[in-house]
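One structure is given below, encoded as structure tokens.
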Number of protein chains: 4
Amino acid sequence: MRPQSLRARESVLTATCALLEEGGLPAATVDAISARSGVSKATIYKHWPSRTAVAAEAFGIKMATAVPLPDTGTAVGDLTEQVRLVSAFYSSHAGSTFAQLLAACVTDPAGAPYFREFFLNGRRDAIGVLWRRALERGEVDDEVDVETAIDLLFGPLIFRLLSGHAPLGETEAGAIASAALTGLLRGRG
Amino acid sequence: MRPQSLRARESVLTATCALLEEGGLPAATVDAISARSGVSKATIYKHWPSRTAVAAEAFGIKMATAVPLPDTGTAVGDLTEQVRLVSAFYSSHAGSTFAQLLAACVTDPAGAPYFREFFLNGRRDAIGVLWRRALERGEVDDEVDVETAIDLLFGPLIFRLLSGHAPLGETEAGAIASAALTGLLRGRG
Amino acid sequence: MRPQSLRARESVLTATCALLEEGGLPAATVDAISARSGVSKATIYKHWPSRTAVAAEAFGIKMATAVPLPDTGTAVGDLTEQVRLVSAFYSSHAGSTFAQLLAACVTDPAGAPYFREFFLNGRRDAIGVLWRRALERGEVDDEVDVETAIDLLFGPLIFRLLSGHAPLGETEAGAIASAALTGLLRGRG
Amino acid sequence: MRPQSLRARESVLTATCALLEEGGLPAATVDAISARSGVSKATIYKHWPSRTAVAAEAFGIKMATAVPLPDTGTAVGDLTEQVRLVSAFYSSHAGSTFAQLLAACVTDPAGAPYFREFFLNGRRDAIGVLWRRALERGEVDDEVDVETAIDLLFGPLIFRLLSGHAPLGETEAGAIASAALTGLLRGRG
DNA sequence: GCCTAAGCGAGACGGTACGTCTCGTCTTATC
DNA sequence: GATAAGACGAGACGTACCGTCTCGCTTAGGC
């Protein structure tokens with residue numbers, strides 16, 4: 001019969017983006033999204049399994065075009081630069097929303113796939129490009145899995161972002177990137 | 001004047017431990033803690049700023065004595081072994097509670113200091129011992145900050161635990177530990 | 001849109017009646033009403049401004065049909081009989097609930113209109129009928145306001161009920177009715 | 001040691017008076033009384049059975065000297081004037097506190113005797129004087145009990161004060177006094 | 001072009017935890 | 001050994017958000 005309305009999806013995502021911008025994930029309650037988008041709660045729950053899923057998709061779409069890929073000419077430069085860009089992003093308003101979303105996915109397993117699909121995958125693809133470029137240039141260890149590489153570079157940043165146990169400025173991001181690239185063992189740099 | 005009662009603190013922490021064991025953080029509601037411990041909600045809120053804080057302290061105390069320090073004879077062995085132990089811990093029931101706590105700290109800033117104080121610090125101290133031991137043996141790069149080293153080794157595990165974007169078995173933990181030690185760049189292993 | 005459910009209203013009022021019967025106003029907590037009626041607290045607070053309001057409405061409805069109008073043939077008889085009936089009512093279990101409700105309305109201004117609407121008005125209407133009947137028969141002073149008459153007849157009973165400074169049996173009720181009818185001045189009876 | 005006791009009593013009553021003045025009965029929390037008087041809660045509960053009792057005593061003492069007895073030369077004048085004075089009092093800030101105290105006595109039976117002892121009795125004694133004076137002058141019906149007379153004159157005012165179902169200005173007070181004196185029956189005025 | 005089944009808005013609802021409040025009792029430490 | 005200071009147990013309060021449901025209105029797509 002009547003197909004699900006595209007308009008509803010888009011209104012919801014637009015409204016959710018605005019709410020996330022204004023007050024982070026806590027502001028993006030289902031009632032608030034419903035009120036602002038003019039889409040009823042029931043309809044929202046027909047399109048998404050949970051509030052986290054909506055927020056994850058909205059946030060992912062917004063971010064998709066935000067961080068450009070660097071090209072400094074070397075793998076070391078590109079990856080280090082990328083870590084720096086990402087750590088700057090984490091320090092921003094959006095970074096806090098990212099943390100809230102990641103945290104919400106722990107509690108809401110139904111939302112996690114959306115977060116991965118619409119946010120993490122995009123990020124990982126982008127960095128995968130850098131990694132493959134570096135591999136082709138022979139600059140990085142081809143025995144290291146791309147997944148491992150990505151987590152090694154960004155996991156530490158994310159851990160700091162979430163728990164706040166240590167600062168996360170440009171200096172620290174640089175130190176982490178450097179350590180990840182050259183390793184912890186002695187006489188490797 | 002009458003000092004705050006130790007008994008109340010201890011009852012609360014014991015009850016919270018039990019609840020965390022049974023149903024993770026979601027089970028450790030303030031009402032449940034109050035009911036099981038026989039300590040009133042008002043008193044709980046006089047001792048701790050939030051439910052997350054209680055849970056963090058309870059969980060941290062329980063874990064403090066749980067994971068022993070390895071001593072394999074080499075820094076590489078010790079640190080790798082520690083990463084393996086921790087990843088095994090993360091795969092367990094308690095690991096899920098850990099993730100829930102870390103996630104809760106994003107939403108509840110008042111709880112975060114408790115989590116750092118009673119959980120992270122303990123963990124970091126333990127690993128700091130390993131790191132210093134390795135430094136003395138000259139096995140690791142003395143230009144790397146101990147904080148950086150710790151986050152590099154465990155951040156990736158935690159990131160995977162939270163988002164579930166990649167498996168986290170013994171193999172993966174080994175790969176991460178190995179990559180962290182030898183670095184991502186070519187010709188370093 | 002979906003209208004407020006009659007079922008919810010009725011369940012709440014029924015449950016509240018039962019609770020009032022069992023333990024007076026102190027037993028009619030919002031939690032208890034919610035639990036017994038199966039209506040959630042939030043919904044109760046959407047229908048009524050406060051617990052007192054719910055209790056007042058429930059009590060008023062129950063009483064509305066409980067005390068019949070007497071018809072002894074004379075105004076003196078009718079009014080005296082009514083005072084006697086009401087004082088008997090006040091001595092009963094329900095009378096204590098009445099006192100608790102009236103007292104609660106002092107503290108909870110939001111509940112007072114409900115008490116007047118659902119309890120007092122009903123009572124006053126009933127007695128107004130008696131008063132007009134007496135007026136038509138020319139038995140009572142047509143310069144006295146019906147409001148004044150009612151308060152003169154029942155105010156003393158209520159005052160005694162609340163403060164308990166004097167007994168309130170059939171004898172006392174008769175004395176009050178008699179004094180109200182004939183006045184305090186000498187040579188009027 | 002003993003004299004300390006007296007000081008405690010007085011501090012408590014003074015502090016309670018001030019609190020009643022500022023915010024009525026709701027402001028006279030036991031904690032607030034304790035804090036303001038410098039007398040500990042435990043000591044307060046050694047002298048009085050409940051918060052209502054403290055408030056009742058404090059209020060009664062304050063009011064004891066406030067309303068003078070009128071002497072217009074006739075019983076009609078005196079009693080009418082008294083009703084008017086009392087109704088003016090009820091319209092004041094203190095009147096609202098009176099209502100709150102009376103209401104509290106319904107819920108707190110332990111406080112009721114204090115209220116009667118320290119407030120009602122004083123009032124009733126004062127009016128008893130007027131009543132006896134009128135009796136001696138032969139102006140009032142000597143078959144009417146003084147208790148009945150008092151309740152007939154003031155019960156209606158108090159009822160209106162509590163439930164707010166009708167205004168309580170000078171006009172209404174006059175009408176009530178008049179009706180109480182001459183009675184409701186026809187041809188008696 | 002009509003009809004009908006579904007999509008949809010609006011928001012009421014049950015559920016559940018929250019953090020706060022005040023009461024009256026109990027426990028120290030002090031004077 | 002009485003008191004101040006205040007911690008404590010008890011339990012109701014009113015609020016928030018979740019995700020489900022129940023209404024009617026709207027609107028496509030099949031006939």
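Numbered from 1 within each chain, the chains take letters A, B, ... in sequence-line order.
D108(B) places its CG atom 17 Å from the P atom of dA17(E), with the value rounded to the nearest Å. Spacing between atom CH2 of W48(B) and atom C1' of dC8(F) amounts to 13 Å, rounded to whole angstrom units. One interatomic measurement links the two molecules: OH of Y45(A) to P of dG7(E), which rounds to 19 Å at whole-angstrom precision. One can place CZ of R7(C) at 11 Å from P of dC23(F), the figure rounded to the nearest angstrom. The NZ-C1' distance, from K46(B) to dG9(F), rounds to 11 Å in whole Å. Taking atom NE2 on H47(B) and atom P on dG19(E), their separation rounds to 16 Å, with Å as the unit.
Across residues 17-44 of chain B, G38(B), V39(B), S40(B), A42(B), T43(B) each have a non-hydrogen atom less than 4.0 Å from an atom of DNA chain F (numbered order).
Between R51(B) and dG19(E) there is no side-chain N or O to OP1 or OP2 distance below 4.0 Å.
In terms of modelled atom types and a separation under 3.5 Å, the side chain of H93(A) and the main chain of E21(A) share a donor-acceptor contact.
Taking T107(B) as the reference, nothing meets the side-chain hydrogen bond (donor to acceptor under 3.5 Å, both in side chains) condition, with sequence neighbours excluded. Scanning for salt bridge (Lys or Arg N to Asp or Glu O under 4.0 Å) contacts around E10(D) gives an empty result, with sequence neighbours left out. Residues passing the side-chain hydrogen bond (donor to acceptor under 3.5 Å, both in side chains) test with R36(D) are E22(D), sequence neighbours excluded.
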Which pairs of donor and acceptor atoms, one on a side chain in residues 49-60 of chain B, lie under 3.5 Å apart (sequence neighbours left out)?
| from | atom 1 | to | atom 2 | distance (Å) |
| --- | --- | --- | --- | --- |
| S50(B) | OG | T52(B) | N | 3.4 |
| S50(B) | OG | A53(B) | N | 3.4 |
| S50(B) | OG | D108(B) | OD2 | 2.3 |
| R51(B) | NE | A28(B) | O | 3.0 |
| R51(B) | NH2 | L25(B) | O | 2.9 |
| T52(B) | OG1 | D108(B) | OD2 | 2.8 |
| E57(B) | OE1 | R9(B) | NH2 | 3.2 |
| E57(B) | OE1 | W48(B) | NE1 | 2.8 |
| E57(B) | OE2 | R9(B) | NH2 | 2.9 |

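Residue pairs that meet the side-chain hydrogen bond (donor to acceptor under 3.5 Å, both in side chains) test with at least one member in residues 23-35 of chain C, sequence neighbours left out, are D31(C)-K41(C).
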